[in-house]
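Everything quoted here is computed from the prediction, not taken from an experiment.
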Amino acid sequence: MIAVAEMTWLDRLAGAVGRAMGTRGAVLCFHGIDVDAAPSSSSMHVPLGLLEAIVDTIEGLGTIVPLPDLVERHVAGRSTRGMMAVTADDGYASWLAAEAFLVRRGLPLTLFAVSGAIDPGPRFWWDRL
């Protein structure tokens with residue numbers, strides 16, 4: 001057994017997802033992609049390489065499916081064991097940087113866009129952190 005201090009973030013992620021999926025599916029939610037041309041000062045945005053590593057890790061634990069499929073099975077009372085959905089909230093344009101990766105891997109992404117963000121105005125409070 002690996003001591004907690006020796007575990008990598010991937011080990012901890014795999015363990016957390018594995019525990020959550022023991023009896024049900026999992027929904028992984030991201031915000032934005034930290035792109036080289038416009039790096040984020042917020043830790044809420046992940047570098048594309050990190051997203052790719054996370055996907056590689058979770059694909060070894062189950063099947064990534066579209067969110068509506070996971071929800072439909074759950075609502076119907078059918079098992080969602082081993083199923084995972086990938087979502088992103090706030091509709092950051094930085095997700096365009098991940099498009100080629102998502103298409104190449106055939107990964108379904110459910111994007112929750114915030115319509116109020118279309119209007120000019122102050123940045124989200126979490127982007128100012």
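Atom-to-atom distance recorded for L111:CG and L102:CG is 10.0 Å, nearest 0.5 angstrom. A distance of 11.0 Å separates CG in L70 from OG1 in T63, rounded to the nearest 0.5 Å. E99 contributes atom CD, which lies 12.0 Å from atom CG of L48 (distance to the nearest 0.5 angstrom). From M83, atom CE reaches atom NE2 of H74 across 12.0 Å, with rounding to the nearest 0.5 Å. Rounding to the nearest 0.5 Å gives a distance of 11.0 Å between CG of L28 and CG of L67.
When side chains are defined from C-beta on, I64 counts as touching P108, because their heavy atoms get closer than 4.5 Å. Contact check for M84 versus V27: no side-chain heavy atoms found under the 4.5 Å cut-off. Using a 4.5 Å cut-off on side-chain heavy atoms (C-beta onward), I33 and V46 make contact. Contact annotation: the side chain of F101 approaches that of L107 to within less than 4.5 Å [non-hydrogen atoms, C-beta and beyond]. Two residues are said to be in side-chain contact when any heavy atoms from C-beta on lie closer than 4.5 Å; L51 and W95 meet this criterion.
Nearest heavy atoms, P68 versus T110: CD-OG1, 4.2 Å.
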